[in-house]
Every structure is written in C-alpha cells, then in structure tokens.
Number of protein chains: 2
Amino acid sequence: MKLSKQFPLNALRVFESVARFGSFTKAGDELGMTQTAVSYQIKLLEENIGEPLFLRRPRQIELTEAGEHLAPKVSEAFNILIEAMASMRKATEETLTIHSTATFAQQWLSRYIGAFQLQFPDIAVRLVTSGNIVDFQKEAADVAIRWGRGDWPGLISHCIMKLDFAPMLSPKLAAEIGGVHEPADLLKLPLISAGDPWWAQWFAAAGVKDADLSRYPKSEFGTQILDASIAMAGGGVAMLNPGHFQEDVATGRLYQPFELTGNDGRDYWLAYPENRRNVPKIRNFRKWLLEKFNVEQD
Amino acid sequence: MKLSKQFPLNALRVFESVARFGSFTKAGDELGMTQTAVSYQIKLLEENIGEPLFLRRPRQIELTEAGEHLAPKVSEAFNILIEAMASMRKATEETLTIHSTATFAQQWLSRYIGAFQLQFPDIAVRLVTSGNIVDFQKEAADVAIRWGRGDWPGLISHCIMKLDFAPMLSPKLAAEIGGVHEPADLLKLPLISAGDPWWAQWFAAAGVKDADLSRYPKSEFGTQILDASIAMAGGGVAMLNPGHFQEDVATGRLYQPFELTGNDGRDYWLAYPENRRNVPKIRNFRKWLLEKFNVEQD
DNA sequence: TTTCATGGATAAGTTCTCTTTATGGATGCA
DNA sequence: TGCATCCATAAAGAGAACTTATCCATGAAA
C-alpha cells in the first residue's frame, strides 16, 4: 500500500490551510494549486477519516464538529514541521563548510578568513581539515580546497595557487655546513620526508643525477606544516611550497637557497559541486577567494 | 509547483521512521515499502534541505549533526498528527450516527435503542431526526432509516417494516357518531392531513368511489406522530401505519375500524453506503435491527 | 582466504496519485 | 435577470513514487 494511502499527509496539509482560510479557493492559492485539487484532497481526507470535515454551505464552508476538533492539532503539528525545516534550511544556507588541507588552512585561511567574515557577517564559517579528498555526496561540505589536477568530475574547480616546491631549511642549519651553494650540498643534510617523490623530481631538475635518497628515513608527516616545523627547528631540509611559506622566508625562519622550483602538474584548487555553483554563500566565497589570489573570474 | 516539492512531507515521514530504527530496511518494513523507496525518499529530503542527514557507514547508518537536530522535532510533529488522526478515527468508529424519520425514532427506536446500547456498550449512539433524505456524502451519517422504495443508488437497503396505512381515530370519536361501520362513515369526520394521497388511495381500495377530499383543510403536519396525537385527542381521523401504532391501538388510545390497509409501494428501510457495509458499528447495528424485525439476514 | 549475509545505492520501467482543464450547479448581489 | 463567487464532478495527462533487478561494500563465518 502506498504511504500516502495509509496516512494522507498531503491531504492534512491542505486541510490545515483550508481550515485556516475557510475557503478551498484561497487555500489553493496559498498552496499553489487549483481549487479542484484542494477539493480532491479534502474529499480524500474525509473518506479516510470516515466523516465530513466541512459543511458545504452556499458560498462558504464551515468546519464540522469533527473538523473543529482536528484543525488545531494539525495546525500545531505543521507549525513544528515548518519551523524545524526552516531552521534547518537557514542553518545550511548561512553556514559555509570549507574542507581544506591542513597546510592551506593553517598557512593561508587562518590568516585571511577573518576578512571574509567581516565582509559577510551573515555567513558562519565551519572549517574542516582532513587528509582525505572530500566526497560532496556524503559529507556536508560546501567547498573544498585541495591539490590535484582540477579534473574532478561533477565539480567546478578554480586553480588558486601553483603547488610549486623547493627545498627549505633554517638559515642556521645552512650556516652550520658553511652555506648551501649548490643543490648537491643539500644531500649533506637530513632530508625530511625523503620518500616524497618531489625530492627526486627536484634533484633531477637541478641536475643532481645520482642523488641516493634511499638512505634517509622514510618518515612521512603527511602535511607540509609538520615538515616545515621540523625544518624551522633545524631538523633538516624540507620540500615546501614557497607560496605557503613566503612569510616564513621573509622573516628569516626559513631559507630557500635556490630559486628553482618543481611542479608535478598538481596545484591548489578551489572546488565545489557544479549544481551548487549559484548558492549564495558559495558564490560569495568563490568571488572573495579568487579576488584574493587575483584569479580571473568567469 | 507540486505540493510535495515545496515541502516533502512523505519524505519527512520516512525520515522519522529511519531515524527511529537507524535503518533504511527496517523503516521500509514498518512503512510497507521497499528499502529502495526509503533510499529514494531520504535522498529527496537531503536534496531539499541541502545537506546529508545520515552518514552511510558500512553496515549501518548514523544521523549527521543536521539529522540529529531535525529528528526530534519531526518525531514530535508526527506524534501529534498520528494521535489526532487516531482519536478522530476512534471517535467515528465508536459513534453510530443514525438518521431517522421522527416517527420511527419516537415510536420504535426510543423504545428499543436502550437494548442496543446494553448489548454494545462501546458504541455511542447519536440519533438525528430530520425530514430530509440524508445525503451520506455530505453528512456524518452512518445509517439511515427512511421510507421509500429501497432503490437508492450506492446504498444497501434492508426493508424492515411494511409502510401500510389505515385510518385510525380515537374510540371516543367513533362512538360519538354511533360507531364506524363502513368506510364511508369516516367521511363524516374531519380527515387529518387530508391532502395526503394515501387517503384517496385507501378510499379507492375500500370501494368508496366519490370521496371528495377537497373540502377538508389542506394542513400537512409532516410526521405521523403529529397526526396521531391529533387523532388521539379526538381531533379527527388520521391515516397511520399500524406497525407503528399497534401499542396505541392495543391500549385503546387509538382505534382502527377496518383491517384494510393501503400500501403505495414505499416501505421502511434501513440504508447505509455500500462501501461501508463492513464497518463494525454498522454491521452490528444492522444485525441487531434486522433480528428485531425478524428480517432474513444475508 | 573465501564465502555468505547484511545493508545501502543505482537504473529502468511501471503504476496510479495528483493535478489541470473544462464544465455545471447553487447562491447572493446588483 | 444577469453576473460573480464558490464548490463539485468528469476526463485526461503528467510525473512522482514505487518496484524489480542488480551491484557494491563490509563484516562475519567457514
């Protein structure tokens, strides 16, 4: 049996409106349906209950005793439902959930998100950092900031930052070995997250052909943030994205000995589901973020 | 726009069940639908709200924060609705509304309805007497007792009493004219409701050919009860149904001078809508009434 | 490890509810 | 008397909602 047959919910909704207006026609207007449809639904409900809910008087209707009894409860129930749905919709409309890599969140978002909130005080920001690629189908994410090739199906992606990489270390550590003059000098120092293919790629690009990286510990710290912290503490050389750490370089916490950067074709992207591109909070965030990065808008 | 589109009520109902069971499959069982249909409805609701309500974990699902927020309110609202509908159904199930002619109600029902209530203490009886033929479509009537030919479309009818008619008067009035010996004697007395075609029919059947009824006042009292009261008070001769007034005849309040009765093909019927023949209260009343009148049951 | 059982997602097709259009009837008002 | 209002009914069409069939992932059992 169909659900709507056992419990005529839509008919109840129509009934609520009719009881309020005392008119089939007006209720139809409110609900965006014809008077005929209203008549049909009321008849349905009356059949379901087993007695009339309205007395059909000429040019007006009147609640029967039964209808009089039913109306306030139905009204109360629908008010609860409507309010619950409204507050839910409002919450999702006004909360922007950003999924981001830990590095981008800490190095960039944490610094500028305040400006966004000043500009859009009605939008509450929820920032989620996780290592995994977010599945917009399954999680309540509005936008994601991720690195990759920007070719995710079903998503719109804007490249916001080249994900270049270059070796960085603390100035102090560099001084200890008498300065880093050429790429091969780096091999004298501990390489952080040496298993990362970026190392091999960068050394190849720098003309160091026989770099044996296998002798370094295979530790992976997962985020550049951790690698950077270790490097700043003098623990070795980290392969970092200059875009993220330019401030640390400027203030002398980190030192980038060579201009040469690598890029493996993967960059930083802002991404969001194609079908939600016009949701206001998403549009606002996209516009704000792309302006910050001087990206051409579409 | 469709009503169900602006406000997915059925989806909410499904959601309530799923939230309670923590399972699409179990909710489907409860609602009498397949797991697939449940999945569809939940997806619909999630799209409407704009974020997931359940986290799909391997062999179980879990409410998201949003779902957790929505569930109790939805549950509350539906409890109100369910309870309201149930109490309404219960009221209509347990109240038997009988529409009857005033005469039958006063002469017969008033005497025996007590026995029915003793036998079915759970059924509350509401007795409505009205001159009009009841429209089961428009009024909250369960059964009707009416006279006619029993050929009402959409209704089941049981003939419970022949609607014969015979002249009756008070014994005292009869004595005043030296007794009523032959039908024509009646013409010496005032005929009550003389405009009623029953008079002409009865006199014709009695062999009184030239009865001029036009000289009597045309008053119509509408119910036999009133005619009978006037007759008992010695106000004239009334054309009454012996079945209704046998007790008054037995106790001498009325006198029926001739055995001859007329019948115009219309009798007393119990009637109720065909599609409600199996409603318990109706079935019980029918059985009880037909037994009282020794009518063959089907 | 392989197999089985559980629970949900997806695709495609079908049913039938719900809606609309068109029309009629009843009543009140000018 | 004619017009406007309001609800009821009939017929037909649209599309929502449901089902069947199938697949996938996971956890438990053999």
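Hydrogens, waters and symmetry mates play no part in the numbers below; they use all other heavy atoms, side chains included. Throughout, protein chains are lettered first and strands after them, A, B, ... in sequence-line order, and every chain is numbered starting at 1.
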*Asks:* Quick one: is C/dG7 close enough that its OP1 or OP2 comes under 4.0 Å of any side-chain N or O from B/Arg56?
*Replies:*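 Result: no.
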*Asks:* Given 3.5 Å as the limit, does a donor-acceptor pair link the side chain of B/Trp199 with the main chain of B/Met239, or not?
*Replies:*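 Looks like no, no N/O pair under 3.5 Å.
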*Asks:* What is the separation between atom CD1 on A/Ile42 and atom C1' on C/dT19, rounded to the nearest whole Å?
*Replies:*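 So the two atoms are 15 Å apart, to the nearest Å.
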*Asks:* State whether the side chain of B/Ser23 and the backbone N or O of B/Lys26 hold a donor-acceptor pair below 3.5 Å, judged by distance alone.
*Replies:*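 The answer is yes, because a donor-acceptor pair under 3.5 Å joins these two groups.
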*Asks:* Which residues pass the side chain to side chain contact (heavy atoms under 4.5 Å, CB included) test with A/Thr36, sequence neighbours left out?
*Replies:*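 If we apply the side chain to side chain contact (heavy atoms under 4.5 Å, CB included) test to A/Thr36, skipping adjacent residues, the hits are A/Thr34.
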*Asks:* Select one nucleotide: of C/dT19, D/dT19, C/dA9, the one nearest the side-chain heavy atoms of B/Phe24.
*Replies:*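 Within the option list, the nearest is C/dA9.
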*Asks:* Please tell me if B/Gln41 has a side-chain N or O lying less than 4.0 Å from either OP1 or OP2 of D/dC18.
*Replies:*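 Affirmative; the distance criterion is met.
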*Asks:* Counting only side-chain heavy atoms from C-beta out, which of D/dT20, D/dA8, C/dG8 sits nearest to A/Ser39?
*Replies:*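 Of the options given, the side chain of A/Ser39 lies nearest D/dA8.
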*Asks:* Please name all residues satisfying side chain to side chain contact (heavy atoms under 4.5 Å, CB included) with B/Glu83, sequence neighbours left out, ordered by chain then number.
*Replies:*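 With sequence neighbours excluded, B/Glu83 shows a side chain to side chain contact (heavy atoms under 4.5 Å, CB included) to no residue whatsoever.
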*Asks:* Rounded to whole Å, how long is the line connecting atom CG of B/Leu55 with atom P of C/dG7?
*Replies:*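 B/Leu55 atom CG is separated from C/dG7 atom P by 18 Å.
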*Asks:* Counting only side-chain nitrogens and oxygens, does A/Lys43 get under 4.0 Å of the OP1 or OP2 atom of D/dC7?
*Replies:*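 No, A/Lys43 has no side-chain N/O under 4.0 Å of OP1/OP2 on D/dC7.
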*Asks:* Quick one: B/Asn48 CG to D/dA16 C1', roughly how many Å, whole number?
*Replies:*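 Value for this atom pair: 14 Å.
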*Asks:* So which nucleotide from C/dG8, C/dT10, D/dC7 ends up closest to the side chain of B/Thr36?
*Replies:*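 My answer, after comparing the listed nucleotides, is C/dT10.
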*Asks:* Which part of the nucleic acid, if any, lies within reach of A/Gln60 when heavy atoms closer than 4.0 Å are counted: base, sugar-phosphate only, or nothing?
*Replies:*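 Nothing, no nucleic acid heavy atom in range.
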*Asks:* If you count the non-hydrogen atoms of other residues, nucleotides and ligands that lie under 6.0 Å from CD in A/Glu65, is the total more than 12?
*Replies:*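 Atom CD in A/Glu65 is not crowded, with 12 or fewer foreign heavy atoms closer than 6.0 Å.
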*Asks:* Without decimals, in angstroms, what is the distance between B/Ile61 CD1 and D/dT26 C1'?
*Replies:*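 In whole Å, D/dT26 C1' lies 15 Å from B/Ile61 CD1.
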*Asks:* Whole angstroms only, please: what is the CE-P distance between B/Met33 and C/dG8?
*Replies:*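 Checked: the CE to P distance equals 14 Å.
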*Asks:* Whole Å only: how far is the CZ atom of A/Arg57 from the C1' atom of D/dA8?
*Replies:*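 These atoms are roughly 17 Å apart.
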*Asks:* Rounded to whole angstroms, how far apart are CD on A/Glu47 and P on D/dA8?
*Replies:*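 That distance rounds to 12 Å.
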*Asks:* Using whole Å, report how far CD of A/Gln35 lies from P of C/dG24.
*Replies:*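 So the CD-P distance, A/Gln35 to C/dG24, works out to 15 Å.
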*Asks:* A/Thr25 side chain N/O closer than 4.0 Å to the phosphate oxygens (OP1, OP2) of D/dC6?
*Replies:*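 So the side-chain polar atoms of A/Thr25 never come under 4.0 Å of the phosphate oxygens OP1 or OP2 of D/dC6.
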